[in-house]
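In what follows, every chain begins at residue 1, and chains take the letters A, B, ... in the order their sequences are listed. The model shown is predicted, which means the values in this text are computed figures rather than measured ones.
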Amino acid sequence: MLHLELEKRLHAALLAVHPAVSVAAVHVMPAPDAKFGDYQCNALMTLARELKTNPRQLATEVSAKLDVADLCEPVEIAGPGFLNFRLKPAAIAAVLAAAARGEHLFFQPAGTAARTYVVDFSSPNVAKPMHVGHIRSTGIGDALVKILRRLGHRVVTDNHLGDWGTQFGMLLLGWKTRLDRAALEADPIAELERLYKEVNALCDDGKPTFDPAVRDAAKNELVKLQAGDAENLGIWREMQRLSQLQFDSIYGRLGVKFDHTLGESFYNPWLAGVVEELTARGLARSSKDAVAVFADALWPEGTPRPAPKDNPFLVQKDGEWVDLPALIQKSDGGFNYMTTDLATIQHRVREWNPDEIIYVVDDRQAPHFRQLFAIAGQWHPEWTAKTKLTHVGFGKICGTDKKPLKTRDGNTPKLAALLDEAEERALALVTEKRADLPLERRQEIARVVGLGALKYQDLLPHRTSDYVFNWDKMLALTGNTAPYVQYQFTRAAKVARDGRGNGQGPVAPDQIVLVEEQELALAKLLLNYGHTLERTALDYAPNFLCNYIYELASAYSRFYDNCPVLKAEEPTRTSRLVLCELTAQVLQDGLALLGIETIDEM
RNA sequence: GCACCCGUAGCUCAGUUGGAUAGAGCAUCCGCCUUCUAAGCGGAUGGUCCCGCGUUCGAAUCGCGGCGGGUGCGCCA
């Protein structure tokens with residue numbers, strides 16, 4: 001929190017020395033090591049190079065103009081030109097007291113700088129089970145949404161369901177010719193999946209089971225659906241209804257909500273218009289009976305165009321750069337996901353006029369998004385001038401063999417089964433540790449801990465890296481895990497609860513006395529909650545928040561071990577009690593932003 | 001073949017516009033419960049940041065060239 005105030009004052013001092021300089025890149029951030037102080041600025045060294053001046057001299061001039069005496073010890077110039085800031089305990093105490101009065105929780109809302117975001121995440125397919133992969137898009141997307149909202153931004157969430165396309169030809173054919181009503185009754189999604197797999201095996205010309213008659217029949221069903229055939233539309237709607245039940249159940253368990261669920265089918269009315277417009281503007285043209293966008297149409301001769309290696313519409317084959325066009329209409333007249341995605345951007349811009357649209361989608365689709373964003377930018381430059389388009393990609397979940405996670409029988413694990421197993425395993429652990437609690441209580445703890453562990457494991461590695469799925473590790477009570485952090489929360493919350501009720505009024509700054517190393521370390525970490533949220537949002541990387549929460553939890557644990565709270569004399573008792581209360585609040589808030597619940601007893 | 005992502009301790013992973021002596025957890029070893037939950041805490045061991053060259057006050061981070069792994073590359077999304 002104080003880093004923003006220090007940064008503001010540093011900017012003023014810098015401008016006093018060099019009025020023309022740009023201060024945008026000059027940041028004050030937490031120091032990497034306590035021996036360098038609490039905050040540092042290393043931007044003056046970079047700036048000195050641009051100004052062609054001596055970095056230490058610049059630092060000296062700036063620090064002479066810098067007035068931070070109310071917050072810090074005299075600023076220290078270290079090494080080649082670092083500025084090191086050491087907070088005065090009284091300044092820390094004042095921020096803590098304000099937080100204890102409920103004035104803030106160590107972050108500063110965006111206020112007038114608030115932006116509008118559309119976040120597109122989760123996006124499961126109708127008629128298919130949600131599987132382990134969906135936890136990434138859903139968890140990362142939901143965390144980013146919650147963090148952006150906490151920082152005061154406006155966020156529109158939209159679940160872009162896969163509810164249209166080729167697979168429905170096969171599903172309709174399967175429904176009509178081989179549906180098992182009893183199986184559908186028992187487990188609709190499993191039955192739909194079975195139908196799809198069976199028919200798909202007959203339609204795949206690469207498989208020995210290939211039957212061209214079935215393929216044509218499936219295609220015929222698709223054409224009828226797209227033409228508005230009443231029977232097919234009815235079946236399609238029933239499939240949607242059954243799928244939505246599954247989605248509602250899983251999102252309910254995960255605590256995820258959407259403002260809108262506009263699936264691909266929503267955009268059907270605009271697809272033909274998209275192709276017409278792009279063709280009319282010369283951005284798209286016919287090719288092999290299809291309609292596609294080519295590099296030369298997007299960036300005509302004489303206009304600035306990307307180098308071949310940076311051009312998403314070119315690929316090198318046999319030493320030659322050849323076209324890799326983006327298809328927007330198939331040779332059979334149908335449209336595909338590129339067309340839909342373009343219509344979706346159009347709709348979102350018109351409806352919400354956002355500053356940014358974020359797509360939380362598997363990294364493997366990165367080339368698609370590069371093409372999509374390039375087309376959107378050339379189609380309507382005014383859109384991309386206002387609206388930033390961002391693909392937030394992520395890596396895959398692996399088994400211990402480093403290959404994509406599979407069940408014992410070689411299938412992709414289903415999300416619902418994974419959630420069940422997380423709760424079951426957590427229940428076994430809780431029962432082992434807390435046999436004294438009634439079953440119902442243990443089940444509730446197991447739900448919170450199990451789902452928390454699963455989500456936390458998924459958010460802890462940087463989103464772009466693949467990670468190894470490991471039940472034992474995620475549920476471990478030591479190390480950087482949800483159960484550990486949740487446990488530290490219960491300790492902090494318990495002390496805070498037990499310590500209340502002495503008729504304390506609002507806490508005044510001079511009531512907070514920070515002396516012990518563990519008290520100061522904990523307090524300083526609390527101050528950095530806001531900085532962490534800002535960094536997390538900036539990089540779309542929830543793991544920053546995970547690591548902060550873990551640091552805070554372990555700092556609390558050290559404090560708890562060394563600093564008795566309830567038995568301490570005043571003013572130590574109140575000071576420590578405030579630390580417990582605020583730590584509990586930040587841990588709870590931070591975990592909530594990650595979509596993870598807390599519980600009062602474990 | 002080309003593009004993108006990745007390569008950090010035995011294992012799993014962090015590492016803030018390039019920033020100070022590269023960190024954590026697990027595992028291994030040694031300690032700490034008459035004290036608010038020991039589901040905890042402290043300490044020790046452990047490194048060619050894949051290799052080489054370059055840029056600079058400073059490189060795990062940026063550039064170039066290799067090596068190794070993953071992913072993608074015209075009518076699926």
Taking side chain to side chain donor-acceptor pair (under 3.5 Å) as the test, write out the residues that go with A:Lys494, two or more places apart. A:Asp498

Could you go through nucleotides 58-63 of chain B and list every protein N or O atom that sits under 3.5 Å from one of its N or O atoms, giving the distance for each pair?
residue	atom	partner	partner atom	Å
B:G58	O6	A:Arg49	NH2	2.7

Does a side-chain N or O from A:Lys433 land closer than 4.0 Å to OP1 or OP2 of B:U37, or not? no

CZ of A:Arg535 to CG of A:Asn528, rounded to nearest 0.5 Å, is 12.5 Å

Distance criterion of 3.5 Å, no angle test: do you see the side chain of A:Asp33 paired donor-to-acceptor with the base of B:A22? no

Of the residues in residues 467-478 of chain A, which ones touch RNA chain B at a heavy-atom distance under 4.0 Å? A:Tyr467, A:Val468, A:Lys473, A:Leu477, A:Thr478

Closer than 4.0 angstrom, basic N to acidic O: yes or no for A:Arg463 and A:Asp458? no

Under 6.0 Å between ring centres, would you say that holds for A:Tyr484 and A:Phe489? no

Would you mind pulling out the nucleotide paired to B:G46, Watson-Crick or G-U wobble, both distances under 3.5 Å? none

Winner on side-chain proximity to A:Leu327, out of B:G19, B:G74, B:A77, is B:G74

Rounded to whole angstrom units, what separation is found between the CG atom of A:Asn480 and the C1' atom of B:A39? 16 Å

Between B:G23 and A:Tyr550, is there an OP1 or OP2 to side-chain N/O distance shorter than 4.0 Å? no

Would you please confirm or rule out a distance under 4.0 Å between OP1 or OP2 of B:U12 and any side-chain N or O of A:Thr400? no

Electrostatic pair A:Arg573-A:Glu569, nearest N-O below 4.0 angstrom: no

Sugar-phosphate, base or nothing in reach of A:Asn84, heavy atoms under 4.0 Å: base

If you check every side-chain atom of A:Asn543, which of B:A3, B:A14, B:A20 has the closest atom? B:A14

Considering only atom C1', compute the distance from B:G69 to B:C50 and round it to an integer number of Å. 11 Å

If you compare every side-chain N and O of A:Asn200 against the phosphate oxygens of B:C76 (OP1, OP2), does one of them come in below 4.0 Å? no

Check whether any side-chain nitrogen or oxygen of A:Ser331 sits under 4.0 Å from OP1 or OP2 of B:C75, and answer yes or no. no

Sort out the partner of B:A3 for me: Watson-Crick or G-U wobble, both distances under 3.5 Å, none otherwise. B:U71

Between B:G31 and B:U8, how many Å separate the two C1' atoms, rounded to a whole number? 30 Å

A:Tyr196 six-ring centre to A:Lys128 NZ/CZ under 6.0 Å and within 45° of normal: yes

Between atom CZ in A:Phe82 and atom C1' in B:G18, what is the gap in whole Å? 10 Å

When rounded to the nearest Å, what value does the distance between P atoms of B:A14 and B:C32 take? 36 Å

Rounded to whole angstrom, note down the P distance from B:U55 over to B:A9. 28 Å

Taking atom P in both B:G52 and B:A59, compute the distance separating them and give it to the nearest angstrom. 15 Å

Phosphate oxygens OP1/OP2 of B:U21: is one of them under 4.0 Å from a side-chain N or O of A:Lys35? no

Is any side-chain N of the basic residue among A:Glu517 and A:Arg558 closer than 4.0 Å to the acidic one's carboxylate O? no

Both distances below 3.5 Å, Watson-Crick or wobble geometry, any strand: find the nucleotide opposite B:G19. B:C57

When you check the phosphate oxygens OP1 and OP2 of B:C76, does a side-chain N or O of A:Thr166 lie under 4.0 Å from one of them? yes

Distance in angstrom units between A:Gln457 CD and B:A24 C1', rounded: 16 Å

Sort out the partner of B:U12 for me: Watson-Crick or G-U wobble, both distances under 3.5 Å, none otherwise. B:A24

Scan residues 24-32 of chain A against RNA chain B and write down, sorted by residue number, each residue with any heavy atom closer than 4.0 Å; if none is found, say none. A:Ala25, A:Met29

Can you tell me whether the base of B:C67 sits syn or anti, using the 90° cut around 0 to define syn? anti

Under-4.0 Å salt bridge between A:Lys403 and A:Asp401: no

Could you list, one pair per line, each protein nitrogen or oxygen that sits under 3.5 Å from a nitrogen or oxygen of nucleotides 70-73 of chain B, together with the distance?
residue	atom	partner	partner atom	Å
B:G70	O2'	A:Lys396	NZ	2.7

For A:Met338, answer base if it contacts any base atom (sugar-phosphate contacts may also be present), sugar-phosphate if it contacts only those atoms, and nothing otherwise; contact means non-hydrogen atoms under 4.0 Å. nothing

Does A:Tyr487 make a side-chain donor-acceptor contact with the base of B:A39, cut-off 3.5 Å? no

I'd like to know if A:Lys524 and A:Asp38 make a salt bridge, using a cut-off of under 4.0 Å between side-chain N and carboxylate O. yes

Between A:Asp296 and A:Arg305, is there a salt bridge with N-O shorter than 4.0 Å? no

Over all strands shown, is A:Gln40 touching base, sugar-phosphate only, or nothing at heavy-atom distances under 4.0 angstrom? base

C1' spacing across the pair B:C5 / B:G43, given as an integer number of angstrom: 39 Å

Between the protein and nucleotides 33-36 of chain B, which nitrogen or oxygen pairs are less than 3.5 angstrom apart?
residue	atom	partner	partner atom	Å
B:U35	O2'	A:Lys567	NZ	2.3
B:C36	O2	A:Leu566	N	3.3
B:C36	N3	A:Val565	N	3.2
B:C36	N4	A:Tyr560	O	2.6
B:C36	N4	A:Cys563	O	3.0

Contact class for A:Arg535 vs. all strands (heavy atom < 4.0 Å): base, sugar-phosphate, or nothing? base

Stacking between B:A20 and A:Phe36, yes or no? Criterion: centroid separation under 5.5 angstrom, plane angle under 30 degrees. yes

